[in-house]
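One structure is given here, and the rest of the page talks about it.
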Amino acid sequence: GLSQIGGTSTGAISLPSIVLANSASLVLGAGASTVITTGAISGTVGGATSSVAFDTLGAVTVNGAIGTDLSTVTITNASGATFASTLTAGSVTIASASGTVTVAGNINTTGNFDALSAPYSLQLQGASNNLGGKLTLANQGTAFLGTANSSKTLASGGISGDPGNSITAIGNLFTAGNPVSLDTLS
């Protein structure tokens, strides 16, 4: 079922590590200026997949890994977001944000990673990112992929970026024979 933590008030949400029940959907925030801080977030091993979404005009910080049986991770809104560890899910969508969205650890998806059009910058700092689908970089700020020459980002479904956003790749970008369509790459 669907669970939501947070309402129209702007009080902070601070949670330890979270393990979601089978088929659970968790929404943190309700569109207010709520600062959200959590530990690791995961589904239940071996069960039906779960999902997590962040919906706040405040900052989001996840201090542990996100993964294990999660079908989707969505940022509906955020004023900056920091994922301090790995991010593993079926798909990841950043629908709207401001500031900078940072994933410090490796990203692993079976589907797409979609950074949709909104005025935020994106930093994917993992040394080895493996995306089973397409990597879409439509954010209106800068996008940084990798942090070292040995960094690797594999987007099996291809890579696309909107004209006008600045994309910096440090290391290597790979696809599984699918197109790479980037306007500006440095």
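Phe174 forms part of a hydrophobic cluster together with Leu154, judged by ILVMFWY side-chain heavy-atom separations under 4.5 Å. Under the 4.5 angstrom side-chain criterion for Ile, Leu, Val, Met, Phe, Trp and Tyr, the cluster partners of Val27 are Leu2.
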Inset, instruction - Report the C-alpha distance between Ile159 and Leu173 in whole Å, list the side-chain angles of each, state the deciding distance to 0.1 Å, and finish with yes or no for side chain to side chain contact (heavy atoms under 4.5 Å, CB included). - result: CA-CA 9 Å; Ile159 302 171; Leu173 298 178; 4.1 Å; yes

Inset, instruction - Evaluate side-chain hydrogen bond (donor to acceptor under 3.5 Å, both in side chains) for Ser121 paired with Thr142, printing each intermediate quantity in order. - result: CA-CA 5 Å; Ser121 293; Thr142 58; 3.2 Å; yes

Inset, instruction - Any chance you could lay out the side chain to side chain contact (heavy atoms under 4.5 Å, CB included) test for Leu87 and Val92, step after step, and finish with the verdict? - result: CA-CA 9 Å; Leu87 175 54; Val92 176; 4.1 Å; yes

Inset, instruction - Begin from the C-alpha positions of Ile94 and Tyr120 and carry the test side chain to side chain contact (heavy atoms under 4.5 Å, CB included) through to its verdict. - result: CA-CA 10 Å; Ile94 305 169; Tyr120 62 94; 3.5 Å; yes

Inset, instruction - Check step by step if side chain to side chain contact (heavy atoms under 4.5 Å, CB included) holds for Leu15 and Leu28. - result: CA-CA 10 Å; Leu15 300 169; Leu28 297 172; 3.7 Å; yes

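Judged purely by atom type and a 3.5 angstrom limit, Thr82 has no side-chain atom pairing as donor or acceptor with the backbone of Ala84. Looking at Thr136, its side chain never comes within 3.5 Å of a backbone N or O of Gly161 through a donor-acceptor pair. In this structure, Gln4 contributes its side chain and Gly29 its backbone to a donor-acceptor pair below 3.5 Å. At distances below 3.5 Å, not a single donor-acceptor pair connects side-chain atoms of Ser91 with backbone N or O atoms of Asn112. Proximity of a side-chain donor or acceptor of Thr102 to a complementary backbone N or O of Ala104 within less than 3.5 Å is not detected. Counting only distance, with no hydrogens or angles, the side chain of Asn106 and the backbone of Ser128 share a donor-acceptor pair below 3.5 Å.
Phe83 and Val19 fall into different hydrophobic clusters, where Ile, Leu, Val, Met, Phe, Trp and Tyr residues are linked whenever their side-chain heavy atoms come under 4.5 Å apart, directly or through other members. Linking Ile, Leu, Val, Met, Phe, Trp and Tyr whenever their side-chain heavy atoms come within less than 4.5 Å puts Ile18 and Ile13 in one cluster.
How far OG of Ser98 is from CG of Leu57: 8.0 Å, rounded to the nearest 0.5 Å. Atoms OG and CD1, from Ser79 and Ile36 in turn, are 11.5 Å apart once rounded to the nearest 0.5 Å. Atom OG of residue Ser14 and atom CD1 of residue Ile5 lie 11.0 Å apart, to the nearest 0.5 angstrom. The distance from the CZ atom of Phe113 to the CG atom of Leu124 is 5.0 Å, given to the nearest 0.5 Å. The OG1 atom of Thr175 lies 11.5 Å from the NZ atom of Lys134; values are rounded to the nearest 0.5 Å. Separation of atoms CG (Leu122) and CD (Gln140) is listed at 13.0 Å; rounding is to 0.5 Å.
Contact check for Val62 versus Thr38: side-chain heavy atoms found under the 4.5 Å cut-off.
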Compile the donor-acceptor pairs under 3.5 Å between side chains in residues 63-76 and protein atoms, sequence neighbours left out, one pair per line.
residue : atom : partner : partner atom : Å
Asp69   : OD2  : Gly46   : N            : 2.9
Asp69   : OD2  : Gly47   : N            : 3.3
Ser71   : OG   : Ser50   : O            : 3.1

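None of Thr88, Asn129, Leu131, Leu135 except one satisfies the side-chain contact (heavy atoms from CB on, under 4.5 Å) rule with Thr109; the exception is Leu131.
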